[in-house]
Q: 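Here it is: the structure, laid out below.
Every heavy atom of this structure was used, including side-chain atoms; hydrogens, water molecules and symmetry mates were not.
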Amino acid sequence: MKQSELYPAPVANANRIQLIDSIRGVALLGILLMNIPGFGLHWSEFIKLLKGPHDLNYQVFKSVMVIPEGSMRGLFSMLFGAGMLLFMKNKKEQGSATPVAELYFRRLLWLMLFGLLNAYVLLWNGDILFFYAFAGMLLFAFRDLRPYQLIIVALVCMAIGMVKAQDSFRQLKKNRNGYLAAQRADNEKRARTAEENSAYAAWEGIQQSAYVVDTAAAREEIGKMRGSYRTVFGHLITVNGIAMPNFLYNNNWDPLTMMFMGMALFGLGFFTNRCSTQTYWLCVLVGYGLGYLISNFHFHAVYGNGLNIAGMVDRFRVSPVLLYDIKRVLISVGHASLIVLIYRAGLLKWLMKALGKVGQMAFTNYLMQSILCSVYFTGVGLGKFNYLEFHQLYYVVLVIWVFQLLMSTIWLYYFRFGPFEWLWRSLTYWNIQPMVRRRRQIFEEVVTV
């Protein structure tokens, strides 16, 4: 009996798909563009940003929201879906005695625990690992569908998310109309109806939460984030306790849509460089061209006039938020297509290789971003929470990018896995994985370069 039949193991480095690692590396680094404000700023700063003059901070905010926002996480979600099929394929080829389903669900259960670790222990209130693990369990039932069937499932998930978004907008519009009716009743000196009173109070609450900042409460929350580990931990227990169940119930259609789309694209050979050059160019032109137009319209509809919720509700019958999923699918595909074309043309080989190392250590690098930002922004380390202006946060992003590109390349020169990848795999296979690379492996890689 082969050793692999006794002890299932992760895929060998020689069998990794380097292109997928490079795309994952881009997505992983890109996610920090959207996460950094959550690490470094109090939410009240966004109200000031959108209500204030259109200065450098606003322009940086717009640049991030129009192209990378949503699409980098979307790309990462696509690759998670593709990785599910790749995992199943590799385990079947290994022919291990352990059922593939057992390995798969064991892997996701550990990922769910790592997500809780990231949220509560590493102090990040925007963790996605917990939700990815939950969504990944649902993907298993769809593993044998054909690509076009998976696209249909992805569109169904997108449609459900859109229906929920439109339902929320319809309730918002109902409260707005009731508020205006109550104002007319006051002007006409007649008594309001019970429904008008209810809508008036609801709309006042919406306006209050969108425009008015409780400065005392904001100072208290900022102080907690600059406090000791125990203080930050206690604060985020409450924050995560509200945010995580809300995302799981209301927003999980978002990652599911992109994961199913990723499974379909993997089945079509999109992520493995098997499509024609014309196909990738078409995806770049349509993905970026149409995606930018939709995203730009979405940005101005939602944020263009500050936080003018009343103006948005009065202007549109259908929620402009419905465009969000459409634009992120288009731009995510555009990102992936451009990377494939660069890879296929043999351009920027040094950068593509470094990005591949980042992608190969994506799990470690994702958690490392939480560690680095917690040390820099919270009172656990330097306590710089809410000190920097919005545009200055991206200097921190640049430093972390350079660090992770260098660190990943150096680490994988000596080791087979990132430290968290090694731990995750060892737990998944119930077997301590070999970590240090042999000298012969290092020599062969240097020779091939």
Side-chain angles (χ1 to χ4, degrees), residues 37-38 41-55 57-59 61-62 64-66 69-70 159-222 238-239 242-243 245-247 249-251 253-254 293-327 386 390:
L41 287 180
H42 188 260
W43 62 266
S44 61
E45 294 300 315
F46 292 94
I47 295 179
K48 298 176 185 177
L49 173 69
L50 292 172
K51 290 176 67 177
H54 290 189
D55 57 4
N57 288 321
Y58 180 87
Q59 294 304 323
F61 173 76
K62 179 181 178 181
V64 171
M65 293 298 291
V66 171
E69 204 284 324
I160 293 173
M162 287 181 169
V163 168
K164 290 175 69 68
Q166 179 59 24
D167 186 61
S168 297
F169 186 76
R170 185 165 49 247
Q171 184 60 47
L172 200 64
K173 203 170 187 67
K174 180 180 178 182
N175 289 332
R176 172 66 176 168
N177 291 335
Y179 174 83
L180 295 175
Q183 283 190 326
R184 286 194 296 271
D186 293 343
N187 293 335
E188 295 168 3
K189 308 296 184 184
R190 64 175 175 82
R192 299 178 186 174
T193 65
E195 186 176 358
E196 288 171 347
N197 273 328
S198 177
Y200 188 94
W203 186 259
E204 283 281 282
I206 294 167
Q207 295 280 88
Q208 182 81 7
S209 62
Y211 292 101
V212 180
V213 177
D214 185 338
T215 54
R219 282 196 300 269
E220 181 181 357
E221 291 175 1
I222 292 169
T238 303
V239 174
I242 296 172
N246 179 65
F247 186 93
Y249 177 74
N250 291 313
N251 301 101
W253 299 107
D254 167 333
L293 292 176
I294 294 174
S295 184
N296 191 58
F297 177 83
H298 170 267
F299 176 84
H300 286 285
V302 177
Y303 303 106
N305 296 315
L307 289 173
N308 186 8
I309 299 176
M312 182 183 72
V313 172
D314 293 341
R315 180 183 177 189
F316 297 104
R317 292 186 178 182
V318 178
S319 173
V321 175
L322 269 59
L323 298 171
Y324 180 77
D325 283 331
I326 298 173
K327 70 102 172 178
N386 214 56
F390 188 87

Q: What are the two closest heavy atoms between W203 and L172, and how far apart are they?
A: CZ3-O, 3.7 Å
Q: Is the shortest heavy-atom distance from the side chain of D167 to the side chain of R170 under 4.5 Å?
A: yes
Q: Got E195 and K174 here, is their nearest side-chain heavy-atom distance under 4.5 Å?
A: yes
Q: Rounded at 0.5 Å granularity, tell me how far CG in N386 sits from CG in L41.
A: 5.5 Å
Q: Just verifying a value: how many Å separate W43 CH2 and E221 CD, rounded to the nearest 0.5 Å?
A: 7.0 Å
Q: State, to 0.1 Å, how close A199 and G178 come at their nearest heavy-atom pair, and which atoms those are.
A: CB-CA, 3.5 Å
Q: Does a donor on one side chain and an acceptor on the other come within less than 3.5 Å for H300 and K62?
A: yes
Q: Distance from E220 atom CD to D214 atom CG, nearest 0.5 Å?
A: 9.0 Å
Q: So that I can tick it off, tell me whether R184 and E196 are bridged by a salt bridge, with the cut-off set at under 4.0 angstrom between side-chain N and carboxylate O.
A: no
Q: Using the test ring pair (Phe, Tyr, Trp, His ring centres under 6.0 Å), find all partners of Y200 that sit at least two apart in sequence or belong to another chain.
A: Y179
Q: Would you say that more than 12 heavy atoms from the other residues, nucleotides or ligands in this model lie under 6.0 Å from the CZ of R317, or not?
A: no
Q: Taking atom types as modelled and ignoring hydrogens, do the side chains of Q59 and H54 form a donor-acceptor contact shorter than 3.5 angstrom?
A: no
Q: Working to the nearest 0.5 angstrom, can you tell me the gap between D186 CG and E188 CD?
A: 9.5 Å
Q: Please check if the number of heavy atoms outside K173 that lie under 6.0 Å from its NZ is greater than 12.
A: yes
Q: Look up atom CZ in F316 and atom CZ in F169, then write down how far apart they are to the nearest 0.5 Å.
A: 8.0 Å
Q: With side chains defined as the heavy atoms from C-beta onward, is the minimum distance between Y303 and F46 less than 4.5 Å?
A: no
Q: Can you tell me how far apart CG (N175) and CD (E204) are? Round to the nearest 0.5 Å.
A: 11.5 Å
Q: What are the two closest non-hydrogen atoms of M312 and V302, and how far apart are they?
A: SD-CA, 4.0 Å
Q: Got a list of side-chain donor-acceptor pairs under 3.5 Å for residues 318-326, not counting sequence neighbours?
A:
residue: S319; atom: OG; partner: V321; partner atom: N; Å: 3.1
residue: Y324; atom: OH; partner: E69; partner atom: OE1; Å: 3.1
residue: Y324; atom: OH; partner: E69; partner atom: OE2; Å: 3.3

